[in-house]
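Okay, structure first, notes after.
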Number of protein chains: 2
Amino acid sequence: MSGKPALKRTVGADAGGNSDAGSSAAGTIAPVDDRSVAARLFAILDAFAAPAGATSRTLTLTTIAQRAGLPLSTTHRLVAEWVSWGGLSKHENGQYSLGMKLWELGVQTPTARNLRTIALPYLEDLYETTREHVHLAILDGRDALYLEKLSGHHAVRLISRVGARLPLHSTGVGLVLLAYAPTDVVQQYLAASLERFLPRTVTEPEAVRQRLAEIRLLGLARMSEEMTAGSSSIAAPIRDRTGQVVAAVSIVTRTTDTVDPEQERAVRLAAQGVSRALGYRRAQQS
Amino acid sequence: MSGKPALKRTVGADAGGNSDAGSSAAGTIAPVDDRSVAARLFAILDAFAAPAGATSRTLTLTTIAQRAGLPLSTTHRLVAEWVSWGGLSKHENGQYSLGMKLWELGVQTPTARNLRTIALPYLEDLYETTREHVHLAILDGRDALYLEKLSGHHAVRLISRVGARLPLHSTGVGLVLLAYAPTDVVQQYLAASLERFLPRTVTEPEAVRQRLAEIRLLGLARMSEEMTAGSSSIAAPIRDRTGQVVAAVSIVTRTTDTVDPEQERAVRLAAQGVSRALGYRRAQQS
DNA sequence: TAGTTGCTTCCATTCAGTGGAAGTTCTGGT
DNA sequence: ACCAGAACTTCCACTGAATGGAAGCAACTA
């Protein structure tokens with residue numbers, strides 16, 4: 001959801017003409033915040049998620065107040081509520097961070113929990129046979145949401161991590177998810193302009209559509225140097241018992257100039273394994 | 001937490017002799033709920049965590065209201081707030097479940113995230129060499145909280161799962177965590193009576209203390225048939241840069257009558273690997 | 001068809017949440 | 001050591017947001 005601290009100033013000056021009589025007349029600058037208590041509480045948590053990636057695992061009260069667009073005293077009180085419940089925790093230095101309670105509840109979330117539990121053994125197999133980064137992601141809104149990531153010690157540095165959101169058009173899992181998404185989702189996704197991360201990122205809508213068709217044909221996506229320099233990926237769809245694609249697996253490898261059919265086979269196998277475990281029977285759909 | 005429900009007289013207020021709904025004679029006493037809005041919101045989430053294990057991935061509005069101890073209309077409104085933020089999601093059938101947003105925030109929780117990220121490669125190694133269930137847990141309150149669990153397809157059925165809480169005295173990781181916990185924690189833990197799960201569960205405080213000493217001496221815990229019939233476990237402590245024990249790794253195997261030194265070595269290695277990755281240098285402490 | 005259970009909407013009442021301001025603690029500059 | 005300024009905590013009078021009883025729907029089922 002958008003950022004924008006939803007702080008609304010009602011400025012008398014505007015000709016806005018809502019003649020709501022009385023009070024808010026001339027020149028009054030009344031910062032009106034019509035968020036409910038709940039919304040304010042959520043805004044506080046959102047302050048921790050706010051800026052993608054690197055920033056801020058821990059925040060000070062003041063920072064939270066700013067990001068949430070709340071007065072300090074209010075923030076203070078609400079943060080205390082979170083802390084007493086365990087949703088936030090306060091450290092010695094006075095900084096706050098997300099609390100264990102959130103983690104505990106978070107891992108109970110059905111989609112994440114079920115998919116992960118079922119898929120993990122297959123992802124491990126895939127990791128063992130390929131020794132490459134292994135990803136599991138689902139489609140959420142306009143992003144690929146990374147549910148799981150396995151990688152060894154030697155691992156190439158990647159942006160992905162569990163819980164990360166990455167674009168659909170520039171990642172292997174993303175393209176697979178998009179390829180099997182309802183047409184209106186594709187439509188909408190391609191309507192907005194697609195960010196180019198590297199020279200090879202495909203951002204032209206028609207070219208993307210073309211690709212999606214190929215992926216459906218092959219049942220496999222191949223990406224190369226489109227998100228992170230030096231890395232390529234191979235991704236395949238995971239289906240549930242209804243035949244619908246609900247997730248995607250991928251491996252991310254260092255870019256080479258030869259295609260490794262063994263790797264592709266391994267990714268396919270993993271995806272099929274998980275699909276079967278989810279109750280998918282090939283027979284049902286072509 | 002505070003919160004004895006205070007009692008307040010409901011004003012009679014009955015102008016005309018309205019049927020008092022039979023509830024009671026004049027001067028009705030109604031329990032007043034002095035929880036804050038925040039506390040009520042949290043109570044709603046807690047309704048999903050409530051009964052350990054198997055129960056309820058999804059709940060109806062009424063069930064939530066009951067478990068949270070809130071009037072239906074209030075529940076209705078507050079649940080709607082959670083849904084609009086993404087903390088809960090509403091399914092077609094009208095049932096509610098924990099939402100993806102919670103998962104997303106949950107995995108950001110520093111302790112969980114950092115430990116997991118660092119430990120995972122070592123856990124994978126351990127899994128590969130032993131092919132047994134691999135656990136990673138931390139001490140939280142009076143429980144061992146399971147941060148990670150790896151297991152293959154053939155896996156023996158176990159109660160543990162990511163996010164689970166299991167007793168300290170009847171699990172490998174639990175005993176290790178207890179062995180290196182501050183004395184007052186041990187004191188308090190042993191003060192309460194310890195549940196016996198199987199005939200071999202050690203529940204006598206002095207016997208447990210004895211065991212903890214042995215574990216500290218060996219730097220390793222061995223459990224057998226104390227929580228789940230037919231399974232045994234080997235656990236070792238993970239230390240951070242200050243030398244403090246912050247977590248424990250274990251493998252859970254089918255019980256055999258011979259001790260496998262290779263397995264013990266593997267668990268030790270994994271624990272040491274993670275500790276080193278956390279910045280622990282053996283030199284610091286004996 | 002009437003009864004039951006479960007969800008949603010409405011709205012007058014009131015009390016919980018609000019936030020400005022004053023008080024307190026921590027930080028770092030000289 | 002001393003002070004300035006920032007960051008945090010506490011206080012409390014005021015008010016509009018949250019409350020929950022009740023009535024209205026909707027979906028089952030006996």
Side-chain angles (χ1 to χ4, degrees), chain A residues 5-10 20 22-24 28-44 47 56 58-84 88-96, chain B residues 2-3 5-16 18-24 28 30-44 47 56 58-84 88-96:
Chain A
L7 220 173
K8 174 177 77 182
R9 324 196 123 233
T10 47
D20 69 334
S23 59
S24 74
T28 326
I29 298 187
V32 165
D33 183 351
D34 56 358
R35 284 178 290 181
S36 65
V37 182
R40 291 168 205 221
L41 280 165
F42 301 153
I44 285 176
S56 54
T58 71
L59 301 177
T60 70
L61 190 64
T62 310
T63 318
I64 298 174
Q66 282 164 353
R67 294 210 189 154
L70 292 171
L72 197 58
S73 53
T74 302
T75 308
H76 183 253
R77 194 163 17 82
L78 296 184
V79 163
E81 299 259 25
W82 277 116
V83 171
S84 87
L88 292 180
S89 47
K90 185 175 190 171
H91 299 223
E92 337 66 45
N93 55 38
Q95 307 236 75
Y96 296 89
Chain B
S2 55
L7 295 185
K8 178 181 118 184
R9 322 186 133 265
T10 51
V11 254
D14 32 339
N18 64 1
S19 60
D20 212 358
S23 54
S24 66
T28 321
V32 161
D33 185 349
D34 58 355
R35 283 179 291 182
S36 64
V37 180
R40 291 167 205 222
L41 280 164
F42 300 152
I44 286 175
S56 56
T58 72
L59 302 177
T60 70
L61 190 64
T62 310
T63 318
I64 298 174
Q66 282 163 353
R67 293 212 189 152
L70 292 171
L72 195 60
S73 53
T74 301
T75 308
H76 184 254
R77 196 163 17 83
L78 296 184
V79 162
E81 299 259 24
W82 278 116
V83 170
S84 86
L88 293 179
S89 49
K90 185 175 191 171
H91 301 225
E92 337 66 46
N93 54 38
Q95 306 236 76
Y96 295 88

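Below, read A as the first sequence line, B as the second, and so on, with proteins coming before strands; counting in each chain starts at 1. Worth saying up front: this structure is predicted, and the values here are computed from it rather than measured.
In terms of heavy atoms, A:Ile44 sits closest to A:Trp82 at CG2-CD1, 3.9 Å. Scanning all heavy atoms of the two residues, the minimum distance from A:Arg35 to A:Ala39 falls at CB-CB, 3.8 Å. Nearest heavy-atom pair across B:Ala65 and B:Leu72 is CB-CD1, 4.0 Å.
Among the nucleotides D:dT19, D:dT9, C:dG17, the one closest to the side chain of A:Tyr96 is D:dT9. Checking C:dG19, D:dT10, D:dG20 against the side-chain heavy atoms of A:Pro71 singles out C:dG19 as nearest. Closest to the side chain of B:Lys90, from the set D:dT9, C:dG19, C:dT8, is C:dT8.
Computed from coordinates, the B:Leu78 CG to C:dG17 P distance equals 11 Å when rounded to whole Å. B:Arg67 has its CZ atom 17 Å from the C1' atom of C:dG6, to the nearest Å. If you take CD of B:Glu92 and P of D:dA27, they are 16 Å apart, rounded to a whole angstrom. Here the C1' atom of nucleotide D:dC8 and the CG atom of A:Asn93 are 13 Å apart, to the nearest Å. Counting to the nearest Å, the P atom of D:dA18 and the CG atom of B:Leu70 are 15 Å from each other. Atom CD of A:Gln66 and atom C1' of D:dA6 are 12 Å apart (whole Å). Per the geometry, CD belonging to B:Glu81 stands 14 Å off P belonging to C:dG17, to the nearest Å. The interatomic distance linking B:Gln95 (CD) with D:dA27 (P) rounds to 16 Å, in whole Å.
Each of A:Leu61 and A:Ser36 lies near DNA chain D, and the nucleotide nearest A:Leu61 is the one positioned closer to the 5' end. Taking the nucleotide of DNA chain D with the nearest heavy atom to each of A:Thr62 and A:Val37, the more 5' of the two is matched to A:Thr62.
Within the 4.0 Å cut-off from OP1 or OP2 of D:dT19, at least one side-chain nitrogen or oxygen of B:Arg40 is found. Note on A:His76: every side-chain N or O is 4.0 Å or more away from OP1 and OP2 of D:dC8. Residue A:Arg77 has no polar side-chain atom (N or O) positioned under 4.0 Å from OP1 or OP2 of C:dG17. In this structure, A:Thr74 does not reach the C:dT18 phosphate: none of its side-chain N or O atoms is under 4.0 Å from OP1 or OP2.
B:Leu72 comes within 4.0 angstrom of a nucleotide base, judged by non-hydrogen atoms across all strands.
Below the 3.5 angstrom threshold, one finds a donor paired with an acceptor across the side chain of B:Ser73 and the base of D:dG21.
Applying side-chain contact (heavy atoms from CB on, under 4.5 Å) to B:Tyr96 and the options B:Val83, B:Thr58, B:Thr63 leaves one that passes, B:Val83.
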* **Derivation of the side-chain contact (heavy atoms from CB on, under 4.5 Å) call for A:Arg67 and A:Leu59** => CA-CA 10 Å; A:Arg67 294 210 189 154; A:Leu59 301 177; 3.9 Å; yes
